[in-house]
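Proteins get letters first, then strands, A, B, ... in listed order; numbering begins at 1 in each. If you're wondering where the values come from, they're calculated on a predicted model, not measured in any experiment.
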Number of protein chains: 2
Amino acid sequence: MKAKPARPPAAQMPPRLAQSAFELFAERGFARVNLDQIAARAGVTKGSLYWHYRSKHELLLAACNRYYQQWHAAVQAAIAPRPDPLDRLRAALEFSVHSCVLDTQNRMFTTSLFLLMQEDAGARAGWAQFYAAVREFYVGLVATAQAAGRLPPGDARRRVDLMLEAMEGLKLRAGFEPQVAQPAEQQAILASLLGIFQTGVPQTMPAGMEPATAHLHRHPTPPGRTQPTACTPPSERS
Amino acid sequence: MKAKPARPPAAQMPPRLAQSAFELFAERGFARVNLDQIAARAGVTKGSLYWHYRSKHELLLAACNRYYQQWHAAVQAAIAPRPDPLDRLRAALEFSVHSCVLDTQNRMFTTSLFLLMQEDAGARAGWAQFYAAVREFYVGLVATAQAAGRLPPGDARRRVDLMLEAMEGLKLRAGFEPQVAQPAEQQAILASLLGIFQTGVPQTMPAGMEPATAHLHRHPTPPGRTQPTACTPPSERS
DNA sequence: GTTCGACCATACCAGTCGGTATGGAAAGTT
DNA sequence: AACTTTCCATACCGACTGGTATGGTCGAAC
């Protein structure tokens, strides 16, 4: 029996702190987390934190690494059991959509990180490296599926870029339109994303080939409601 | 000659404060702007600011309205001279891509706003209203072009959603991959976005129809570099 | 057992920021 | 002119935060 708690080996302190930082940043955002909270969750105090990390900013970069590693492990696990190339792509997309739409920690952390990127070159570089890795991952999936004849040929990299942009935008949209989290909507979004790869070269329609039924399709939005009312102007006081 | 500066009419004070807030939020982000700076840019002091606005948060909503109005005016001006439906859509997309990729104020402001949305229902509701207005605007453009036979038929709303998500993701990506701001790249991205609307119903390719030339398409990424190295772990100190 | 360095806690500092209290000037009303 | 309302400036408070100074503890080497 050991009377004293026997403090944990110091070697695992940096990862523990990084994990605490990641969790808290993901829960409240970078600006709303202070160092005392991060240290407390890791079981130490701020003084110890500063022994392992130079600043709050350095802790953020460590938290980014946790995020990268966790994403990579999760998506690899999601596609591992699938042998078919198109199935692997679909599984990866399904996992990504699901996590973008439901995982609020993911949303909060990346949003917070994007804000910091605006003024922090280190965070920019780190994310750019992560994005490049994700892109290569998806390009590999798409190219394999194309080579296997499960997808029509086309510029895989450019389509992956479009898909990843839509994925990131979807994550933001899920923050204020929660209905995209419904299973049916998720499936429809997944189909849209998959459609990016399933289409051939887009056929451009020249001017002048107006169909006879054109007059049947009416402008679906009443012209009077086109102005964005936005939120109510808060300038008037009671 | 008037000796005194003759203070401006109070009626225009709320818009001036909202504009100052918008500019500063767009330059530095919500958390890094204080009320003294906002008041100073509007030519008053914090005490006066609090006469017109109840809190920093209320000022944020007012700044949102400025953003909404400015976006709407700018995009309307961009498409006004175009009579052809497809041209109007293209012009709107070109304007949006251009502003997403180059306008760092736009990027900073919306990113900051997205972070606040995570915990502020008011900001969420305001943005949702703005997003709905933008979506209806684009759905109108697309439906008109479809009715005129300049675009193939298809679910306009769902395609607009996909396009808007990609647009928002593009804005984020432009923050850490500045090469997307190059004109040629902008054009390519514009083509990708337009392609969302120019494609018909995506043709699903069933399994087993492997083309004879499948072995010619090689995996374009060397398999050894698939692992994301991410940023260097900052846990080790010198 | 002494020493030394890695590791951690306590206390504290210097600065910042949102928000308030208060009084005075300008403009309108009677 | 006297009075009220609207609008704005000054001064200030209280809470919080990133970062530091300093001293203590524990284990291992000698």
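Summarising the geometry, the separation between CH2 on A:Trp51 and C1' on C:dC8 is reported as 10 Å, rounded to the nearest angstrom. Atom P of nucleotide D:dT6 and atom CD of B:Gln12 are separated by 19 Å, given to the nearest angstrom. Per the geometry, NE2 belonging to B:His57 stands 16 Å off C1' belonging to C:dG19, to the nearest Å. When rounded to the nearest whole Å, the span between CZ of A:Arg16 and C1' of C:dC8 equals 13 Å. For the pair B:Tyr53 OH and D:dC7 P, the interatomic distance rounds to 13 Å; values are reported in whole Å.
Salt bridge A:Glu168/B:Arg173: absent, no basic N to carboxylate O contact under 4.0 Å. A salt bridge links B:Arg41 with B:Glu27; the closest basic N to acidic carboxylate O contact falls under 4.0 Å.
A donor-acceptor contact closer than 3.5 angstrom links the side chains of A:Asp161 and A:Tyr131. Checking A:Gln186 against A:Gln182 by side-chain atom types alone, no donor-acceptor pair falls below 3.5 Å.
When ring centroids are compared, B:Tyr67 and B:Phe130 come within the 6.0 Å threshold.
If B:Gly43 and A:Gly47 are placed on DNA chain D by their nearest nucleotide, the residue sitting closer to the 5' end is B:Gly43.
The side chain of B:Thr45 sits closest to D:dT10 out of D:dT10, C:dC7, D:dT6.
The phosphate of D:dT6 (OP1 or OP2) has no side-chain N or O of B:His52 nearer than 4.0 angstrom. Listed pair B:Ser48 / D:dC7 fails the phosphate criterion, with no side-chain N or O lying under 4.0 Å from OP1 or OP2.
For the salt bridge (Lys or Arg N to Asp or Glu O under 4.0 Å) test, no residue two or more places apart in sequence or in another chain qualifies with A:Arg28.
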Which atom pairs link the protein and nucleotides 15-18 of chain D when you take only N or O atoms and keep those under 3.5 Å?
residue	atom	partner	partner atom	Å
D:dT17	OP2	A:Asn34	ND2	2.9
D:dG18	OP1	A:Val33	O	3.4
D:dG18	OP1	A:Lys56	NZ	2.8
D:dG18	OP2	A:Leu35	N	3.2
D:dG18	N7	A:Lys46	NZ	3.3

